[in-house]
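Along the sequence shown, residues carry numbers from 1.
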Amino acid sequence: MIKHHPKLELIQAFVDGDLPASLSAGIAMHAEMCPQCQEKIVQLTEHAAEVSFEEGFLDKFIVDDSSNNDIDFEAMANLISQSDDIAISEPILDKSIVFNDTTYQLPKVLNNMTIGNTINIGKLSRARLQLDENEIHTSLLEIKPGGGVPEHTHKGFELTLLLDGSFHDEKGEYTKGDFIMLDSSHQHHPVSNNGCLCYTVANDALHFTQGINKLLNPIGALIY
């Protein structure tokens with residue numbers, strides 16, 4: 001059962017179109033798996049549409065705002081039906097990725113995203129999604145059974161969305177669909193007993209905090 005969800009403010013920003021593509025994709029994928037957040041998105045979208053319609057849409061069709069406030073319904077109908085093109089839906093092809101002989105089916109949101117080459121670091125495998133968002137790095141990250149990410153904090157924000165499997169840290173267990181948003185105030189050591197696949201978004205490198213793992217800080221940006 002999904003226990004971790006995006007905050008309402010983040011969902012509102014998603015509906016308003018104010019998020020970078022990487023975070024929008026994360027919320028869309030979470031909503032695919034979470035009826036609760038899907039319903040919130042529907043409600044907020046309907047409300048935004050109503051506000052937009054009331055505030056601006058009808059203004060385009062006022063014939064003479066200063067005299068009679070008549071609405072030009074013919075112009076409205078022409079705008080709505082102005083295209084004669086017939087929309088032909090293309091079949092949606094399922095997309096998957098293979099890490100170490102394990103094939104993972106990916107959410108439909110990722111169908112049109114380009115996935116880069118895979119790098120392997122111990123029991124971690126990572127492939128970047130090519131979104132060209134400058135300092136924001138978006139990846140698919142596999143943790144092999146018994147593997148984990150050394151204890152770390154974050155110089156910026158880190159989103160982890162579990163697409164398959166599970167992992168745990170000091171705060172508890174995370175399962176498929178969980179949406180975990182962290183920042184520099186959080187410190188954790190995620191470990192996966194049976195393996196997992198995550199969608200990750202980070203705008204800065206990890207910062208390892210324990211013992212010899214601090215030597216890994218120069219490559220922290222390679223992981224997320």
Side-chain angles (χ1 to χ4, degrees), residues 1-59 76 79-81 87-97 104-113 115 129 131 133 136-143 154 156-169 171-183 185-186 188 190 192 194-203 224:
M1 185 178 72
I2 297 174
K3 295 183 291 186
H4 301 273
H5 310 268
K7 291 182 178 180
L8 182 60
E9 295 84 356
L10 203 58
I11 295 178
Q12 183 67 67
F14 167 76
V15 170
D16 293 340
D18 293 335
L19 295 179
S22 50
L23 291 180
S24 288
I27 290 179
M29 284 185 282
H30 171 77
E32 276 188 36
M33 298 180 272
C34 178
Q36 176 182 329
C37 288
Q38 193 174 76
E39 179 61 25
K40 287 181 182 178
I41 290 171
V42 169
Q43 292 174 353
L44 291 172
T45 300
E46 290 176 349
H47 176 71
E50 290 172 2
V51 171
S52 177
F53 188 85
E54 291 171 0
E55 290 182 350
F57 185 72
L58 290 178
D59 291 345
M76 184 187 298
L79 180 66
I80 294 171
S81 59
I88 300 175
S89 59
E90 296 289 337
I92 299 176
L93 301 178
D94 291 334
K95 192 166 188 172
S96 61
I97 190 169
Y104 297 95
Q105 194 67 47
L106 298 178
K108 292 181 175 61
V109 175
L110 301 181
N111 279 357
N112 296 318
M113 294 188 188
I115 302 175
L129 292 168
L131 295 179
E133 292 185 311
I136 299 178
H137 293 158
T138 305
S139 308
L140 293 171
L141 178 73
E142 183 200 50
I143 303 178
H154 316 87
F157 71 79
E158 171 198 302
L159 162 64
T160 302
L161 173 67
L162 251 167
L163 300 180
D164 197 276
S166 64
F167 71 82
H168 63 273
D169 64 10
K171 297 291 186 180
E173 183 84 10
Y174 305 91
T175 58
K176 183 176 179 179
D178 276 335
F179 185 102
I180 307 115
M181 197 77 176
L182 304 176
D183 58 26
S185 66
H186 300 91
H188 69 150
S192 180
N194 300 309
C196 65
L197 178 70
C198 303
Y199 173 86
T200 68
V201 182
N203 67 343
Y224 276 45

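- Contacts of Q36 classified as side-chain contact (heavy atoms from CB on, under 4.5 Å), with partners at least two apart in sequence or in another chain: H5, C34, K40.
- For the atom pair CG (L161) and CG (L141), the distance works out to 12.5 Å, reported to the nearest 0.5 Å.
- Of all heavy-atom pairs spanning I2 and K176, the tightest one is CG1-O, 3.5 Å.
- Considering all non-hydrogen atoms of both residues, A31 and I41 come closest at CB-CD1, 3.7 Å.
- Separating the CG atom in D183 from the CG atom in N203 is a distance of 10.0 Å, to the nearest 0.5 Å.
- The shortest distance between side-chain heavy atoms of F157 and L23 falls below 4.5 Å.
- Distance check: I180 CD1 to H30 NE2 gives 10.0 Å after rounding to the nearest 0.5 Å.
- Between M181 and K7, every side-chain heavy-atom pair lies at or beyond the 4.5 Å cut-off.
- At least one side-chain heavy atom of D169 sits less than 4.5 Å from a side-chain heavy atom of Y174.
- Contact of the F14 side chain with the L44 side chain is not registered, since no non-hydrogen atoms from C-beta on lie closer than 4.5 Å.
- Contact of the E158 side chain with the H188 side chain is registered, since non-hydrogen atoms from C-beta on lie closer than 4.5 Å.
- Atom CG of N194 has 12 or fewer heavy atoms from other residues, nucleotides or ligands within 6.0 Å.
- Here the side chains of L140 and L106 are in contact, with some heavy-atom distance below 4.5 Å.
- Side-chain atoms of Y199 come within 3.5 Å of backbone N or O of S22 as a donor-acceptor pair.
- Looking only at atom types and distance, the side chain of E173 has no donor-acceptor partner in the side chain of T175 under 3.5 Å away.
- A distance of 10.5 Å separates CD1 of I11 from CG of L19, quoted to the nearest 0.5 Å.
- Minimum interatomic distance between T160 and F167 (heavy atoms only, all atoms of both residues): CG2-CE2, 4.1 Å.
- In terms of heavy atoms, D178 sits closest to H4 at OD1-N, 3.0 Å.
- Taking every heavy atom of both residues into account, L162 and C198 meet most closely at CD2-SG, 4.0 Å.
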Check your understanding: Would L163 and M33 count as a side-chain contact (heavy atoms from CB on, under 4.5 Å) if you check the C-alpha gap in whole Å, the side-chain angles of each, and the deciding distance to 0.1 Å?
Key -> CA-CA 9 Å; L163 300 180; M33 298 180 272; 4.2 Å; yes

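- The two atoms that bring P6 and L10 nearest to each other are CB-CD2, 4.1 Å, heavy atoms only.
- Between I97 atom CD1 and Q105 atom CD the span is 11.5 Å, to the nearest 0.5 Å.
- At least one side-chain heavy atom of K95 sits under 4.5 Å from a side-chain heavy atom of I115.
- No side-chain heavy atom of D164 sits under 4.5 Å from any side-chain heavy atom of E142.
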